[in-house]
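Here the structure comes first, spelled out in structure tokens, and everything after it is commentary.
In each ligand, atom 1 is the first atom listed, and ligand 1 is the first ligand listed.
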Amino acid sequence: MPKGSLQAMVVGAGTMGTTLAKLLAGHGVKVTMVDSDPQVLETSRLDVGEGAVTIRFTTTLKVDESPDFVIETVTENVAVKQEVVAQIEASVADTSIIMTNTSGISIDEIGSAMRVPQRFLGAHFFNPADIIPAVEVVPGSHTETLVVEKACRWLKRLGKRPAVLNTCVPGFVANRIQHAVMRECLSLLEKGVVEAEALDDIVQYSIGVRMALNGPLCQRDLNGLDTHLAIARYLYPDLDARQEPAALLEEYVAQGRLGAKAGRGFYHWSDESRAEHQARERESLQRIIEIATQYSPKDEP
Ligand SMILES: NC(=O)c1ccc[n+]([C@@H]2O[C@H](COP(=O)([O-])OP(=O)(O)OC[C@H]3O[C@@H](n4cnc5c(N)ncnc54)[C@H](O)[C@@H]3O)[C@@H](O)[C@H]2O)c1
């Protein structure tokens, strides 16, 4: 992407906003980063590192901006997002495309009070946004086709693999699948069928390593759909189908067992073990993605 060819605004400088800024600045996009909390902005600036010198960090949305696109990535709360989208709409030109990085809230609901909802759509990036290739592109019922096409073209230029949904459903695709998997994992733990370490070992070194190379449908094609059907027939009645989050999950969260950031989740964590794990994951993800994308068609700009 030639330097300075695109201008973008990222609203929300938390976990996702910071890696989005890294991605954009790394591709020569001129970025304005907005967050209501000056302390968060400063942390984000330090996290972005070298690329931060090209980014403008600010606590206020300036009126009369005309970036090519704005990515809203504030707290996952529909009221907060509606308010932020209204502020964005009041500040940028009608030609600026506005994307929301919601993990699965209805696009129509977030954009319900918009003046020009035709230029609004979901672009669900994954953490860290500067590394993970997939982006779920989710049009709302008012989004113009041309806007979807333009967003996909930009995402490809940023090295991403945009995948467009036909219909906006809660949780989109990735979170629906992630939660279906976790519902069964938690059910197995609750029933005492397997310990956490053993469950992680089974899933990571079987389904996990295979899925790094093939999507689930391609994988099932390779395995044989007749075999899959035979297993589905006897297994589905026994799978967890509860409509509420697992009691085990409620219990852990109530006890403050929030995962690595709190020192305890399914495992015990120290600041050192968390930092070491996260650094190793970042480095290894890049190597896995390189292998995974080796044989798939290259998305050209
Ligand atoms: N963390 C993830 O793994 C992940 C992955 C994909 C998508 N998402 C989605 O990305 C969005 C952001 O998630 P996150 O994890 O970065 O959250 P976060 O809590 O780290 O960051 C949210 C930021 O929004 C800012 N903010 C809140 N209200 C604001 C306002 N009115 N104006 C300006 N800034 C405001 C907060 O100060 C905070 O810095 C959410 O919609 C989330 O669902 C998160």
Next on the checklist: Distance under 4.0 Å to a non-hydrogen atom of V80: what atoms of ligand 1 satisfy this?
Outcome noted: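 Within the 4.0 Å cut-off of V80, ligand 1 contributes 28 (N).
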Checklist entry - Atoms of ligand 1 less than 4.0 Å from K81 heavy atoms? => result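 That gives atoms 40 (C), 41 (O) of ligand 1.
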If I compare all heavy atoms of [X] with all of [Y], which pair ends up nearest, and what's the gap?
X	Y	answer
A13	D35	N-OD2, 2.7 Å
V148	L121	CA-CD1, 4.1 Å
C168	S106	SG-CA, 4.0 Å

Heavy atom of the protein closest to [atom] (residue, atom name, distance):
atom	result
atom 39 (O) of ligand 1	D35 OD2, 2.7 Å
atom 7 (C) of ligand 1	S103 OG, 3.3 Å
atom 34 (N) of ligand 1	S36 N, 3.4 Å
atom 6 (C) of ligand 1	F125 O, 3.1 Å
atom 22 (C) of ligand 1	T75 N, 3.7 Å
atom 15 (O) of ligand 1	T15 CB, 3.7 Å
atom 12 (C) of ligand 1	T73 O, 3.2 Å
atom 1 (N) of ligand 1	M16 CG, 3.9 Å

Checklist entry - Which is closest to atom 41 (O) of ligand 1 in terms of heavy atoms, Q87, E76, H124? => result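 Residue with the shortest heavy-atom distance to the ligand atom: E76.
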Item to check | Among V74, T18, V10, closest by any non-hydrogen atom to atom 26 (N) of ligand 1 | outcome: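 When every heavy atom of V74, T18, V10 is considered, V74 comes closest to atom 26 (N) of ligand 1.
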Could you see which bit of [X] sits under 4.0 Å from ligand 1, with heavy atoms only: side chain, backbone, both or neither?
X	result
T102	backbone
T100	neither
V84	side chain

[X] (side chain) donor-acceptor with [Y] (main chain) under 3.5 angstrom:
X	Y	value
Q82	E109	yes
K62	S91	no
R119	S96	yes

Checklist entry - So, for atom 28 (N) of ligand 1, does the protein have a heavy atom nearer than 4.0 Å? => result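 Answer yes: something from the protein, a heavy atom, is under 4.0 Å.
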Checklist entry - How about atom 17 (O) of ligand 1: does it have a protein heavy atom within less than 4.0 Å? => result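 No; the ligand atom in question lacks any protein heavy-atom contact below 4.0 Å.
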Next on the checklist: Counting only heavy atoms from other residues, nucleotides and ligands, does the tally under 6.0 Å from CZ of R233 exceed 12?
Outcome noted: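 It does not: R233 CZ has 12 such atoms or fewer within range.
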Checklist entry - Can you tell me if CD on E290 sees more than 12 non-hydrogen neighbours from other groups inside 6.0 Å? => result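 At most 12 heavy atoms, drawn from other residues, nucleotides or ligands, come within 6.0 Å of this atom.
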Checklist entry - Between I71, L158, T73, which is the residue that forms a side-chain contact (heavy atoms from CB on, under 4.5 Å) with F125? => result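 Exactly one candidate clears the test, I71.
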Checklist entry - Under 4.5 Å between any side-chain heavy atoms of N223 and H228, yes or no? => result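 No; the side chains remain at least 4.5 Å from each other.
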Checklist entry - What class does the angle between the rings of H124 and F126 fall in, given that below 30° is parallel, 30 to 60° is tilted and above 60° is perpendicular? => result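 Geometry flag for F126 against H124: tilted rings.
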